[in-house]
Amino acid sequence: MKPDQVLLQYFHSLGDMDKALGYIHRDAKFIAAFEKESDRHHFYGTYYGIEGVRTLLTKFQKDLETQEFEIFNILADETKAFAWGRFKHRIRPTGNMFESYWAVVCEVEDGKIKYFRGFEDTGALEAAFR
């Protein structure tokens, strides 16, 4: 599969964590907004390997109830994909809505995501959790 297809399949599999983790490289590096952990939000940081991504996805499942998820476009070459779109999540702990445009850059090796970095409106995320 080409990188755009891998990324698309990963997105479509997020409702089934084990299936989604099947698209993750054993040496994966996932960056959630900022490379370093922060007391600003418990999602932030770098997650390594399949178990690290499982930790991140577990946090998402616990705290986010997806209302809408749109992919506007995906661009790719032989090893990388870039996607952008828009989402809307209900924050389970507060009941607030978190809406943002988003972008993702990833690198794929052996048909699995080895590098993934997500970008979103972190100010809106933090506010929705207050």
Side-chain angles (χ1 to χ4, degrees):
M1 261 190 291
K2 293 191 176 208
D4 54 333
Q5 296 167 321
V6 173
L7 182 59
L8 192 58
Q9 290 302 314
Y10 169 74
F11 283 146
H12 288 312
S13 302
L14 285 172
D16 178 343
M17 187 182 309
D18 288 329
K19 188 173 180 183
L21 291 172
Y23 293 100
I24 305 306
H25 194 280
R26 70 181 187 286
D27 297 323
K29 178 180 180 180
F30 270 53
I31 300 171
F34 300 102
E35 290 181 6
K36 294 185 181 184
E37 290 181 19
S38 169
D39 59 3
R40 289 176 45 202
H41 200 279
H42 64 277
F43 289 171
Y44 300 161
T46 302
Y47 299 82
Y48 295 97
I50 294 168
E51 289 309 308
V53 176
R54 181 186 306 277
T55 297
L56 177 61
L57 295 180
T58 298
K59 290 177 182 182
F60 290 166
Q61 284 183 343
K62 179 180 173 272
D63 289 344
L64 304 176
E65 182 182 330
T66 300
Q67 306 294 304
E68 298 173 18
F69 184 83
E70 279 184 87
I71 300 169
F72 294 161
N73 209 340
I74 300 179
L75 303 174
D77 64 16
E78 293 304 312
T79 60
K80 295 175 280 312
F82 176 75
W84 65 95
R86 181 184 139 316
F87 61 64
K88 182 190 232 180
H89 300 294
R90 179 176 310 285
I91 304 303
R92 289 187 201 318
T94 65
N96 294 334
M97 296 304 293
F98 167 43
E99 297 182 54
S100 179
Y101 290 95
W102 59 266
V104 165
V105 61
C106 77
E107 294 177 10
V108 173
E109 183 178 297
D110 300 326
K112 297 185 185 263
I113 300 170
K114 189 169 183 180
Y115 176 83
F116 181 103
R117 184 161 194 165
F119 302 89
E120 60 193 33
D121 183 345
T122 56
L125 171 68
E126 293 166 23
F129 272 82
R130 287 195 277 269

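Cluster annotation: Met97 and Phe129 are assigned to distinct hydrophobic clusters (Ile/Leu/Val/Met/Phe/Trp/Tyr, side-chain heavy-atom contacts under 4.5 Å, transitive). Cluster annotation: Phe87 and Tyr101 are assigned to distinct hydrophobic clusters (Ile/Leu/Val/Met/Phe/Trp/Tyr, side-chain heavy-atom contacts under 4.5 Å, transitive). Phe72 and Phe69 are members of different hydrophobic clusters when ILVMFWY side chains are connected at heavy-atom separations under 4.5 Å. Cluster membership check: Leu125 does not share its hydrophobic cluster with Ile31, using side-chain heavy-atom separations under 4.5 Å among Ile, Leu, Val, Met, Phe, Trp and Tyr.
A donor-acceptor pair under 3.5 Å links the side-chain atoms of Thr94 to the main chain of Ala128, judged by distance alone.
Partner Val104 forms a side chain to side chain contact (heavy atoms under 4.5 Å, CB included) with one of Phe11, Phe82, Tyr10 and no other, that one being Phe11.
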Report the C-alpha separation of Leu64 and Ile91 in whole Å, then their side-chain angles, then the decisive distance to 0.1 Å, and conclude whether the side-chain contact (heavy atoms from CB on, under 4.5 Å) test is met. CA-CA 5 Å; Leu64 304 176; Ile91 304 303; 3.5 Å; yes
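A tilted orientation is assigned to the rings of Phe98 and His89, their planes being inclined by 30° to 60°.
Phe119 CZ to Trp102 CH2: the interatomic distance, rounded to the nearest 0.5 Å, is 12.0 Å. Distance check: Phe116 CZ to Phe30 CZ gives 5.5 Å after rounding to the nearest 0.5 Å. Rounding to the nearest 0.5 Å places CG of Leu8 at 5.0 Å from CD1 of Ile71. Put simply, NZ on Lys88 and CD on Gln67 are 7.0 Å apart, with the number rounded to the nearest 0.5 Å.
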Could you pull out every donor-acceptor pair under 3.5 Å between side chains of residues 47-57 and any protein atom, sequence neighbours left out?
residue: Tyr47; atom: OH; partner: Phe43; partner atom: O; Å: 2.7
residue: Tyr47; atom: OH; partner: Lys59; partner atom: NZ; Å: 2.9
residue: Glu51; atom: OE1; partner: Arg54; partner atom: NE; Å: 3.1
residue: Glu51; atom: OE2; partner: Arg54; partner atom: NE; Å: 3.4
residue: Arg54; atom: NH1; partner: Asp18; partner atom: OD1; Å: 3.4
residue: Thr55; atom: OG1; partner: Glu51; partner atom: O; Å: 3.1

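For residues 19-30, there are no salt bridge (charged side-chain N to carboxylate O under 4.0 Å, His left out) pairs, not counting sequence neighbours. Listed by first and then second residue, the side chain to side chain donor-acceptor pair (under 3.5 Å) pairs that reach into residues 112-126 are Glu35-Arg117, Arg40-Glu126, Tyr44-Glu126, Glu109-Lys114, sequence neighbours excluded. Within the structure, salt bridge (charged side-chain N to carboxylate O under 4.0 Å, His left out) pairs that include any residue of residues 72-83 comprise Lys2-Glu78, Asp77-Lys80 (at least two apart or interchain). The salt bridge (charged side-chain N to carboxylate O under 4.0 Å, His left out) pairs that include a residue from residues 89-108 are Glu65-Arg92, where partners are two or more places apart or lie in different chains.
Under the side chain to side chain contact (heavy atoms under 4.5 Å, CB included) criterion, Met1 pairs with Gln5, Val6, Gln9, Tyr23, sequence neighbours left out.
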